[in-house]
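Below, chain A is the first sequence line, B the second, and so on; all start at residue 1.
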Amino acid sequence: VSERVDLKEFLPAYLAEVDEQLRTANARLLDIEASTRKGESNPRAVRDLFRAVHTVKGLSAMVGVEPAVAVAHRMEAALRTLVDAGEPVALPSVDALLSAVRCIDHQVRDLSQGKAPPAAPPPILAALAQLGTTERAARSAAPQLELDSTLAGKLAPFELDLLAAGPATGRRSVRIDFSPSPAKAARGLSVNTVRERVRALGEIIKVVPLSVVPSEDAPGALSFALLVLTSASDEELGAAVGVPPETVVDLMPATKRGSMAPTPTRDDEPDDSLAPSQRRNVVRVEVSRLDDAMEHLSELIVTRRLG
Amino acid sequence: VHEVSVSAVLVVDDSKVMRDMVAACLKVNPALVVSQASSGLEAIEKLSLQQFDALVLDLNMPDIGGIEVVEFVRSQDRLRALPIVIVTTRGDETSRTNVMRAGATRYVTKPFTPDAILHEVNAVIGAVQPDAV
(Lines give C-alpha, C1' and ligand atoms only; values in the text may rest on other atoms or scores of the structure.)
Protein backbone atom coordinates (compact mmCIF):
# COMPACT_ATOMS: atom_id res chain seq x y z
CA VAL A 1 0.00 0.00 0.00
CA SER A 2 1.45 3.37 -0.97
CA GLU A 3 1.68 6.32 1.40
CA ARG A 4 -1.10 8.91 1.02
CA VAL A 5 -0.80 12.68 0.78
CA ASP A 6 -3.05 14.93 2.85
CA LEU A 7 -3.18 18.33 1.17
CA LYS A 8 -4.36 19.90 4.45
CA GLU A 9 -0.75 19.52 5.58
CA PHE A 10 0.04 22.39 3.22
CA LEU A 11 -2.20 24.81 5.15
CA PRO A 12 0.67 26.82 6.78
CA ALA A 13 2.41 27.19 3.40
CA TYR A 14 -0.95 28.11 1.86
CA LEU A 15 -1.51 30.88 4.41
CA ALA A 16 1.95 32.31 3.77
CA GLU A 17 1.63 32.30 -0.02
CA VAL A 18 -1.90 33.69 -0.02
CA ASP A 19 -0.75 36.51 2.25
CA GLU A 20 2.00 37.29 -0.25
CA GLN A 21 -0.41 37.17 -3.20
CA LEU A 22 -2.88 39.47 -1.44
CA ARG A 23 -0.11 41.99 -0.79
CA THR A 24 0.75 41.85 -4.49
CA ALA A 25 -2.93 42.28 -5.38
CA ASN A 26 -3.23 45.29 -3.11
CA ALA A 27 -0.08 46.91 -4.49
CA ARG A 28 -1.19 46.39 -8.10
CA LEU A 29 -4.61 47.87 -7.31
CA LEU A 30 -2.93 50.99 -5.96
CA ASP A 31 -0.83 51.14 -9.15
CA ILE A 32 -4.01 50.80 -11.22
CA GLU A 33 -5.71 53.53 -9.26
CA ALA A 34 -2.73 55.86 -9.76
CA SER A 35 -2.84 55.19 -13.51
CA THR A 36 -6.59 55.78 -13.68
CA ARG A 37 -6.22 59.14 -11.92
CA LYS A 38 -3.81 60.09 -14.72
CA GLY A 39 -6.29 58.89 -17.31
CA GLU A 40 -4.07 55.99 -18.30
CA SER A 41 -4.67 52.27 -18.51
CA ASN A 42 -2.27 49.90 -16.78
CA PRO A 43 -2.81 46.53 -18.47
CA ARG A 44 0.33 45.01 -17.00
CA ALA A 45 -0.85 45.74 -13.46
CA VAL A 46 -4.31 44.36 -14.29
CA ARG A 47 -2.73 41.16 -15.58
CA ASP A 48 -0.47 40.85 -12.53
CA LEU A 49 -3.54 41.36 -10.35
CA PHE A 50 -5.41 38.71 -12.32
CA ARG A 51 -2.58 36.22 -11.83
CA ALA A 52 -2.40 36.90 -8.08
CA VAL A 53 -6.15 36.36 -7.73
CA HIS A 54 -5.97 33.27 -9.93
CA THR A 55 -3.26 31.79 -7.70
CA VAL A 56 -5.30 32.54 -4.57
CA LYS A 57 -8.29 30.82 -6.15
CA GLY A 58 -6.34 27.72 -7.17
CA LEU A 59 -4.57 27.31 -3.83
CA SER A 60 -7.77 27.93 -1.85
CA ALA A 61 -9.56 25.28 -3.89
CA MET A 62 -6.79 22.77 -3.21
CA VAL A 63 -7.00 23.16 0.58
CA GLY A 64 -10.79 23.51 0.60
CA VAL A 65 -11.21 27.18 1.61
CA GLU A 66 -14.42 27.59 -0.36
CA PRO A 67 -15.43 31.11 0.84
CA ALA A 68 -12.12 32.46 -0.52
CA VAL A 69 -12.60 30.50 -3.75
CA ALA A 70 -16.01 32.15 -4.20
CA VAL A 71 -14.63 35.70 -3.89
CA ALA A 72 -11.54 34.99 -5.98
CA HIS A 73 -13.68 33.41 -8.67
CA ARG A 74 -15.87 36.53 -8.93
CA MET A 75 -12.78 38.74 -8.98
CA GLU A 76 -11.19 36.64 -11.69
CA ALA A 77 -14.27 36.85 -13.88
CA ALA A 78 -14.43 40.62 -13.44
CA LEU A 79 -10.73 41.05 -14.12
CA ARG A 80 -10.97 39.02 -17.31
CA THR A 81 -13.43 41.62 -18.56
CA LEU A 82 -11.07 44.42 -17.54
CA VAL A 83 -8.08 42.74 -19.24
CA ASP A 84 -10.08 42.46 -22.45
CA ALA A 85 -11.26 46.07 -22.22
CA GLY A 86 -7.71 47.46 -21.99
CA GLU A 87 -9.15 50.77 -20.80
CA PRO A 88 -8.39 52.62 -17.54
CA VAL A 89 -10.14 50.82 -14.69
CA ALA A 90 -12.86 53.03 -13.23
CA LEU A 91 -12.27 54.11 -9.63
CA PRO A 92 -15.46 52.41 -8.34
CA SER A 93 -14.15 49.19 -9.86
CA VAL A 94 -10.84 49.66 -8.03
CA ASP A 95 -12.77 50.19 -4.78
CA ALA A 96 -14.80 47.04 -5.35
CA LEU A 97 -11.64 45.03 -5.98
CA LEU A 98 -9.90 46.48 -2.91
CA SER A 99 -12.91 45.46 -0.81
CA ALA A 100 -12.76 41.97 -2.26
CA VAL A 101 -9.04 41.67 -1.42
CA ARG A 102 -9.76 42.78 2.15
CA CYS A 103 -12.57 40.24 2.32
CA ILE A 104 -10.27 37.35 1.38
CA ASP A 105 -7.68 38.70 3.79
CA HIS A 106 -10.23 38.53 6.64
CA GLN A 107 -11.28 35.03 5.62
CA VAL A 108 -7.70 33.81 5.61
CA ARG A 109 -6.92 35.50 8.94
CA ASP A 110 -9.89 33.73 10.51
CA LEU A 111 -8.65 30.47 9.11
CA SER A 112 -5.17 31.06 10.54
CA GLN A 113 -6.79 31.58 13.96
CA GLY A 114 -8.59 28.25 13.74
CA LYS A 115 -11.98 29.78 12.91
CA ALA A 116 -14.17 28.89 9.96
CA PRO A 117 -13.74 31.58 7.27
CA PRO A 118 -16.99 33.50 6.76
CA ALA A 119 -18.82 33.72 3.44
CA ALA A 120 -18.31 36.96 1.50
CA PRO A 121 -20.87 39.72 2.23
CA PRO A 122 -23.39 39.84 -0.66
CA PRO A 123 -22.68 43.55 -1.41
CA ILE A 124 -19.06 42.70 -2.19
CA LEU A 125 -20.07 39.96 -4.60
CA ALA A 126 -22.71 42.22 -6.15
CA ALA A 127 -20.16 45.00 -6.68
CA LEU A 128 -17.80 42.55 -8.36
CA ALA A 129 -20.57 41.44 -10.69
CA GLN A 130 -20.89 45.03 -11.93
CA LEU A 131 -17.22 45.38 -12.81
CA GLY A 132 -16.23 46.05 -16.38
CA THR A 133 -19.50 47.70 -17.33
CA THR A 134 -17.86 51.15 -17.23
CA GLU A 135 -14.80 50.21 -19.21
CA ARG A 136 -14.99 49.82 -22.96
CA ALA A 137 -12.61 48.11 -25.32
CA ALA A 138 -10.53 50.39 -27.53
CA ARG A 139 -7.18 49.75 -29.10
CA SER A 140 -4.60 52.13 -30.43
CA ALA A 141 -3.30 52.01 -33.98
CA ALA A 142 -0.78 49.33 -34.93
CA PRO A 143 2.65 50.41 -33.76
CA GLN A 144 5.56 50.94 -36.15
CA LEU A 145 7.83 48.25 -34.76
CA GLU A 146 10.47 46.34 -36.70
CA LEU A 147 9.39 42.94 -35.45
CA ASP A 148 9.02 39.88 -37.63
CA SER A 149 5.49 38.59 -37.82
CA THR A 150 6.22 35.40 -35.83
CA LEU A 151 7.48 37.40 -32.92
CA ALA A 152 4.78 40.07 -33.19
CA GLY A 153 2.15 37.34 -33.19
CA LYS A 154 3.34 36.20 -29.76
CA LEU A 155 2.71 39.60 -28.19
CA ALA A 156 -0.53 40.89 -26.71
CA PRO A 157 -1.78 44.21 -28.13
CA PHE A 158 -0.87 46.04 -24.95
CA GLU A 159 2.68 44.67 -25.14
CA LEU A 160 3.03 45.97 -28.70
CA ASP A 161 1.68 49.31 -27.49
CA LEU A 162 4.23 49.46 -24.69
CA LEU A 163 7.12 48.74 -27.05
CA ALA A 164 5.88 51.30 -29.56
CA ALA A 165 5.52 53.92 -26.84
CA GLY A 166 9.13 53.45 -25.73
CA PRO A 167 10.64 56.49 -27.50
CA ALA A 168 7.83 58.69 -26.18
CA THR A 169 9.02 57.84 -22.67
CA GLY A 170 12.67 58.47 -23.50
CA ARG A 171 13.56 54.78 -23.75
CA ARG A 172 14.56 52.50 -26.61
CA SER A 173 12.65 49.37 -27.59
CA VAL A 174 15.22 46.64 -28.16
CA ARG A 175 15.50 42.92 -28.77
CA ILE A 176 18.29 40.81 -27.28
CA ASP A 177 18.56 37.06 -27.87
CA PHE A 178 19.84 34.57 -25.33
CA SER A 179 20.47 30.90 -26.12
CA PRO A 180 20.84 28.66 -23.06
CA SER A 181 23.51 25.97 -22.93
CA PRO A 182 25.13 23.79 -20.26
CA ALA A 183 28.36 25.82 -20.61
CA LYS A 184 26.50 29.08 -19.97
CA ALA A 185 24.58 27.52 -17.09
CA ALA A 186 27.92 26.57 -15.54
CA ARG A 187 28.86 30.27 -15.74
CA GLY A 188 25.63 31.23 -14.03
CA LEU A 189 23.83 32.29 -17.20
CA SER A 190 20.30 30.91 -17.38
CA VAL A 191 17.07 32.47 -18.53
CA ASN A 192 16.30 33.38 -14.92
CA THR A 193 19.64 35.10 -14.21
CA VAL A 194 19.62 36.85 -17.59
CA ARG A 195 16.15 38.21 -16.89
CA GLU A 196 17.30 39.50 -13.51
CA ARG A 197 20.28 41.27 -15.09
CA VAL A 198 18.23 42.81 -17.89
CA ARG A 199 15.51 43.83 -15.43
CA ALA A 200 18.15 45.93 -13.67
CA LEU A 201 18.70 47.80 -16.95
CA GLY A 202 15.13 48.28 -18.12
CA GLU A 203 11.61 46.94 -18.32
CA ILE A 204 11.17 43.50 -19.88
CA ILE A 205 7.98 43.57 -21.91
CA LYS A 206 8.07 39.96 -23.05
CA VAL A 207 10.41 37.00 -23.40
CA VAL A 208 9.58 34.78 -26.37
CA PRO A 209 11.09 31.29 -26.81
CA LEU A 210 12.18 30.55 -30.37
CA SER A 211 13.25 27.33 -32.08
CA VAL A 212 16.65 27.74 -33.75
CA VAL A 213 19.05 25.50 -35.62
CA PRO A 214 21.20 23.62 -33.09
CA SER A 215 24.69 25.08 -32.82
CA GLU A 216 27.55 25.32 -30.38
CA ASP A 217 25.97 28.47 -28.99
CA ALA A 218 22.47 26.96 -28.89
CA PRO A 219 22.88 23.20 -28.36
CA GLY A 220 19.29 22.88 -27.18
CA ALA A 221 17.94 24.41 -30.43
CA LEU A 222 16.43 27.14 -28.28
CA SER A 223 16.80 30.89 -28.10
CA PHE A 224 14.92 33.43 -26.00
CA ALA A 225 14.12 36.83 -27.54
CA LEU A 226 13.98 39.43 -24.79
CA LEU A 227 11.95 42.50 -25.77
CA VAL A 228 12.94 45.36 -23.55
CA LEU A 229 12.33 49.05 -22.93
CA THR A 230 15.59 50.55 -21.75
CA SER A 231 17.88 53.54 -21.53
CA ALA A 232 20.96 51.32 -21.27
CA SER A 233 23.61 51.12 -23.98
CA ASP A 234 24.08 48.12 -26.27
CA GLU A 235 27.34 47.40 -24.44
CA GLU A 236 25.57 47.21 -21.06
CA LEU A 237 22.78 45.05 -22.47
CA GLY A 238 25.20 42.75 -24.28
CA ALA A 239 27.28 42.29 -21.11
CA ALA A 240 24.13 41.47 -19.11
CA VAL A 241 23.08 38.73 -21.53
CA GLY A 242 26.57 37.54 -22.46
CA VAL A 243 26.28 38.44 -26.15
CA PRO A 244 28.18 40.91 -28.39
CA PRO A 245 26.66 44.43 -28.24
CA GLU A 246 26.17 44.50 -32.01
CA THR A 247 23.55 41.74 -31.68
CA VAL A 248 21.23 44.06 -29.75
CA VAL A 249 18.50 45.09 -32.20
CA ASP A 250 16.71 48.43 -32.00
CA LEU A 251 13.01 47.77 -32.71
CA MET A 252 12.31 51.41 -33.58
CA PRO A 253 15.31 52.80 -35.45
CA ALA A 254 15.69 56.60 -35.40
CA THR A 255 14.22 56.85 -38.89
CA LYS A 256 10.98 55.35 -37.67
CA ARG A 257 10.73 57.27 -34.44
CA GLY A 258 10.09 60.46 -36.37
CA SER A 259 8.98 63.19 -34.06
CA MET A 260 8.23 60.87 -31.16
CA ALA A 261 9.96 63.05 -28.64
CA PRO A 262 9.35 62.28 -25.00
CA THR A 263 5.85 63.36 -24.05
CA PRO A 264 5.97 66.29 -21.64
CA THR A 265 4.82 65.27 -18.20
CA ARG A 266 1.80 66.97 -16.70
CA ASP A 267 2.56 70.18 -14.91
CA ASP A 268 1.74 68.63 -11.57
CA GLU A 269 4.24 65.80 -12.14
CA PRO A 270 7.63 67.49 -12.25
CA ASP A 271 9.79 64.62 -11.04
CA ASP A 272 9.90 61.39 -13.05
CA SER A 273 12.03 59.71 -10.43
CA LEU A 274 9.03 59.59 -8.12
CA ALA A 275 6.57 56.70 -8.13
CA PRO A 276 3.18 57.58 -9.64
CA SER A 277 1.47 57.57 -6.27
CA GLN A 278 4.05 60.05 -4.96
CA ARG A 279 3.33 62.48 -7.78
CA ARG A 280 -0.29 62.88 -6.77
CA ASN A 281 -1.85 64.81 -3.96
CA VAL A 282 -3.68 61.72 -2.75
CA VAL A 283 -1.99 58.62 -1.44
CA ARG A 284 -3.99 55.53 -0.45
CA VAL A 285 -2.54 53.10 2.02
CA GLU A 286 -3.85 50.13 3.92
CA VAL A 287 -5.42 51.09 7.27
CA SER A 288 -3.14 48.64 9.08
CA ARG A 289 -0.09 50.41 7.68
CA LEU A 290 -1.50 53.75 8.71
CA ASP A 291 -1.99 52.37 12.22
CA ASP A 292 1.63 51.24 12.28
CA ALA A 293 2.80 54.65 11.10
CA MET A 294 0.73 56.41 13.77
CA GLU A 295 2.17 54.11 16.40
CA HIS A 296 5.73 54.86 15.30
CA LEU A 297 4.97 58.57 15.27
CA SER A 298 3.59 58.37 18.80
CA GLU A 299 6.74 56.58 19.95
CA LEU A 300 8.88 59.28 18.36
CA ILE A 301 6.96 62.04 20.10
CA VAL A 302 7.17 60.28 23.47
CA THR A 303 10.88 59.61 22.99
CA ARG A 304 11.52 63.21 22.07
CA ARG A 305 9.60 64.57 25.05
CA LEU A 306 11.41 62.25 27.42
CA GLY A 307 14.75 63.02 25.81
CA VAL B 1 12.27 -8.88 -8.03
CA HIS B 2 10.09 -6.45 -9.99
CA GLU B 3 12.17 -3.86 -11.86
CA VAL B 4 10.61 -0.45 -12.28
CA SER B 5 12.06 2.04 -14.74
CA VAL B 6 12.43 5.59 -13.49
CA SER B 7 10.64 8.46 -15.22
CA ALA B 8 11.55 12.15 -14.98
CA VAL B 9 8.63 14.55 -14.53
CA LEU B 10 8.87 18.33 -14.68
CA VAL B 11 6.26 20.22 -12.63
CA VAL B 12 5.73 23.82 -13.73
CA ASP B 13 3.77 26.35 -11.69
CA ASP B 14 4.54 29.87 -10.49
CA SER B 15 3.08 29.00 -7.08
CA LYS B 16 5.62 27.23 -4.89
CA VAL B 17 2.91 25.74 -2.71
CA MET B 18 1.16 24.31 -5.76
CA ARG B 19 4.44 22.86 -7.11
CA ASP B 20 5.17 21.27 -3.75
CA MET B 21 1.65 19.84 -3.57
CA VAL B 22 1.88 18.27 -7.02
CA ALA B 23 5.40 16.98 -6.31
CA ALA B 24 4.23 15.42 -3.03
CA CYS B 25 1.37 13.69 -4.86
CA LEU B 26 3.71 12.31 -7.53
CA LYS B 27 6.49 11.19 -5.19
CA VAL B 28 4.11 8.58 -3.82
CA ASN B 29 5.22 6.63 -6.87
CA PRO B 30 8.93 5.89 -6.27
CA ALA B 31 9.41 5.41 -10.00
CA LEU B 32 8.86 9.12 -10.61
CA VAL B 33 11.71 11.60 -10.25
CA VAL B 34 10.18 15.05 -9.92
CA SER B 35 11.85 18.34 -10.86
CA GLN B 36 10.29 21.79 -10.64
CA ALA B 37 10.27 25.01 -12.67
CA SER B 38 8.72 28.25 -11.48
CA SER B 39 7.91 29.70 -14.90
CA GLY B 40 7.18 28.68 -18.46
CA LEU B 41 10.50 30.09 -19.62
CA GLU B 42 12.45 28.14 -17.03
CA ALA B 43 10.54 25.02 -18.06
CA ILE B 44 11.39 25.50 -21.74
CA GLU B 45 15.05 26.02 -20.84
CA LYS B 46 15.12 22.83 -18.74
CA LEU B 47 13.36 20.87 -21.49
CA SER B 48 15.92 21.99 -24.05
CA LEU B 49 18.88 20.92 -21.92
CA GLN B 50 17.59 17.84 -20.08
CA GLN B 51 15.51 14.76 -20.81
CA PHE B 52 12.04 14.51 -19.28
CA ASP B 53 9.33 11.90 -19.67
CA ALA B 54 6.35 14.11 -18.80
CA LEU B 55 5.42 17.70 -18.14
CA VAL B 56 2.84 18.81 -15.55
CA LEU B 57 1.95 22.35 -16.47
CA ASP B 58 -0.09 25.21 -15.01
CA LEU B 59 -1.86 27.49 -17.52
CA ASN B 60 -1.80 30.88 -15.87
CA MET B 61 1.77 32.01 -15.29
CA PRO B 62 3.73 35.24 -15.70
CA ASP B 63 6.04 35.80 -18.69
CA ILE B 64 4.51 33.13 -20.89
CA GLY B 65 1.38 31.11 -20.24
CA GLY B 66 0.89 27.38 -20.33
CA ILE B 67 -0.63 27.37 -23.81
CA GLU B 68 2.45 29.10 -25.21
CA VAL B 69 4.63 26.46 -23.55
CA VAL B 70 2.51 23.68 -25.09
CA GLU B 71 2.73 25.31 -28.53
CA PHE B 72 6.49 25.71 -28.24
CA VAL B 73 7.02 22.13 -27.08
CA ARG B 74 4.92 20.78 -29.93
CA SER B 75 6.92 22.86 -32.43
CA GLN B 76 10.16 21.13 -31.42
CA ASP B 77 10.96 17.81 -33.10
CA ARG B 78 12.67 16.46 -30.00
CA LEU B 79 9.77 17.30 -27.71
CA ARG B 80 6.83 16.69 -30.00
CA ALA B 81 5.87 13.42 -28.27
CA LEU B 82 6.40 14.63 -24.70
CA PRO B 83 3.24 13.96 -22.66
CA ILE B 84 1.83 17.16 -21.15
CA VAL B 85 -0.65 17.12 -18.28
CA ILE B 86 -2.34 20.49 -17.81
CA VAL B 87 -3.30 21.41 -14.24
CA THR B 88 -5.61 24.40 -13.99
CA THR B 89 -8.59 25.99 -12.27
CA ARG B 90 -10.14 26.71 -15.67
CA GLY B 91 -12.89 24.14 -15.87
CA ASP B 92 -14.76 25.64 -18.82
CA GLU B 93 -15.03 23.74 -22.07
CA THR B 94 -13.50 26.53 -24.17
CA SER B 95 -10.28 26.53 -22.16
CA ARG B 96 -10.10 22.77 -22.28
CA THR B 97 -10.67 22.70 -26.04
CA ASN B 98 -8.08 25.40 -26.70
CA VAL B 99 -5.41 23.66 -24.66
CA MET B 100 -6.09 20.21 -26.05
CA ARG B 101 -6.07 21.65 -29.57
CA ALA B 102 -2.67 23.24 -28.84
CA GLY B 103 -1.33 19.78 -28.08
CA ALA B 104 -1.85 18.94 -24.40
CA THR B 105 -2.22 15.26 -23.54
CA ARG B 106 -4.41 15.43 -20.43
CA TYR B 107 -6.39 18.13 -18.66
CA VAL B 108 -6.86 18.14 -14.88
CA THR B 109 -8.87 20.81 -13.08
CA LYS B 110 -8.11 22.12 -9.61
CA PRO B 111 -9.01 21.09 -7.02
CA PHE B 112 -7.84 17.57 -7.68
CA THR B 113 -7.16 14.70 -5.32
CA PRO B 114 -3.63 13.37 -4.88
CA ASP B 115 -4.73 10.10 -6.47
CA ALA B 116 -6.19 11.89 -9.49
CA ILE B 117 -3.03 13.73 -10.50
CA LEU B 118 -0.89 10.66 -9.85
CA HIS B 119 -3.24 8.56 -11.95
CA GLU B 120 -3.02 11.03 -14.87
CA VAL B 121 0.78 11.21 -14.82
CA ASN B 122 1.14 7.45 -14.45
CA ALA B 123 -1.21 6.99 -17.37
CA VAL B 124 0.65 9.28 -19.78
CA ILE B 125 4.05 7.75 -19.11
CA GLY B 126 2.80 4.19 -18.80
CA ALA B 127 4.10 3.89 -15.24
CA VAL B 128 3.09 1.14 -12.87
CA GLN B 129 0.57 2.31 -10.26
CA PRO B 130 2.32 2.36 -6.86
CA ASP B 131 -0.31 0.11 -5.33
CA ALA B 132 0.50 -2.50 -7.95
CA VAL B 133 4.27 -2.51 -7.28
Side-chain angles (χ1 to χ4, degrees), chain A residues 1-7 9-18 20-21 47-48 50-64 66 69 72-73 76 154 178-182 184-185 190-192 194-195 204 206-211 214 218-224 226, chain B residues 13-30 37-50 58-65 68-69 71-79 87-91 109-115 117-118 129-133:
Chain A
V1 177
S2 66
E3 77 178 272
R4 292 293 172 209
V5 178
D6 182 1
L7 295 179
E9 290 173 8
F10 287 87
L11 200 55
Y14 159 82
L15 291 170
E17 185 161 334
V18 166
E20 190 182 317
Q21 296 292 347
R47 289 200 174 208
D48 288 349
F50 178 89
R51 262 195 301 275
V53 172
H54 181 79
T55 299
V56 169
K57 178 185 160 187
L59 289 174
S60 300
M62 289 302 294
V63 295
E66 292 306 323
V69 174
H73 179 70
E76 199 183 45
K154 301 284 185 189
F178 167 71
S179 302
S181 71
K184 290 175 190 171
S190 67
V191 70
N192 285 344
V194 162
R195 276 191 298 167
I204 299 176
K206 180 84 175 175
V207 183
V208 182
L210 300 168
S211 296
L222 169 69
S223 186
F224 292 107
L226 290 89
Chain B
D13 199 306
D14 57 320
S15 162
K16 183 179 184 311
V17 177
M18 191 60 73
R19 288 198 307 275
D20 288 345
M21 280 183 183
V22 173
C25 297
L26 299 183
K27 282 176 179 170
V28 169
N29 182 352
S38 61
S39 72
L41 294 174
E42 188 183 344
I44 285 173
E45 184 176 60
K46 281 185 188 287
L47 289 170
S48 77
L49 301 177
Q50 299 168 41
D58 181 29
L59 279 188
N60 205 288
M61 295 183 289
D63 299 325
I64 64 169
E68 287 174 271
V69 175
E71 288 172 345
F72 182 81
V73 166
R74 292 297 177 242
S75 73
Q76 297 251 310
D77 287 341
R78 193 174 67 80
L79 300 172
V87 174
T88 179
T89 56
R90 295 186 203 168
T109 51
K110 300 174 193 171
F112 50 79
T113 63
D115 284 346
I117 186 70
L118 182 61
Q129 293 286 343
D131 283 349
V133 175

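Ranked by non-hydrogen atom pairs under 4.5 Å with chain B, the options L222(A), T55(A), I204(A) are led by L222(A). Heavy-atom pairs under 4.5 Å with chain B were tallied for P182(A), S190(A), P219(A); the largest tally goes to S190(A). Among K154(A), R195(A), E76(A), the residue with the largest count of heavy-atom pairs under 4.5 Å with chain B is R195(A). With chain B as partner, the option from E9(A), E17(A), H73(A) having the largest number of non-hydrogen pairs under 4.5 angstrom is E17(A).
For L49(B), the part sitting under 4.5 Å from any heavy atom of chain A is the side chain, from C-beta outward, and nothing else. Neither the backbone nor the side chain of T109(B) comes within contact range of chain A; no heavy atom of the residue lies under 4.5 Å from a heavy atom of that chain. Using a 4.5 Å cut-off between heavy atoms, E68(B) touches chain A through its side chain atoms alone. Only the side chain of D115(B) has a heavy atom closer than 4.5 Å to any heavy atom of chain A.
Distance check: Q76(B) CD to S211(A) OG gives 3.5 Å after rounding to the nearest 0.5 Å. Atom CG of L59(A) sits about 10.5 Å away from atom CG of L15(A), to the nearest 0.5 Å. Note that the CE atom of M62(A) and the CE atom of M18(B) stand 5.5 Å from one another [nearest 0.5 Å].
The main-chain N or O of E45(B) is found under 3.5 Å from a side-chain atom of S48(B) such that the two form a donor-acceptor pair. At least one donor-acceptor pair under 3.5 Å links the side chain of R78(B) to the backbone N or O of L47(B).
Of the charged side-chain nitrogens involved, at least one lies within less than 4.0 Å of a carboxylate oxygen, so that D58(B) and K110(B) count as a salt-bridged pair.
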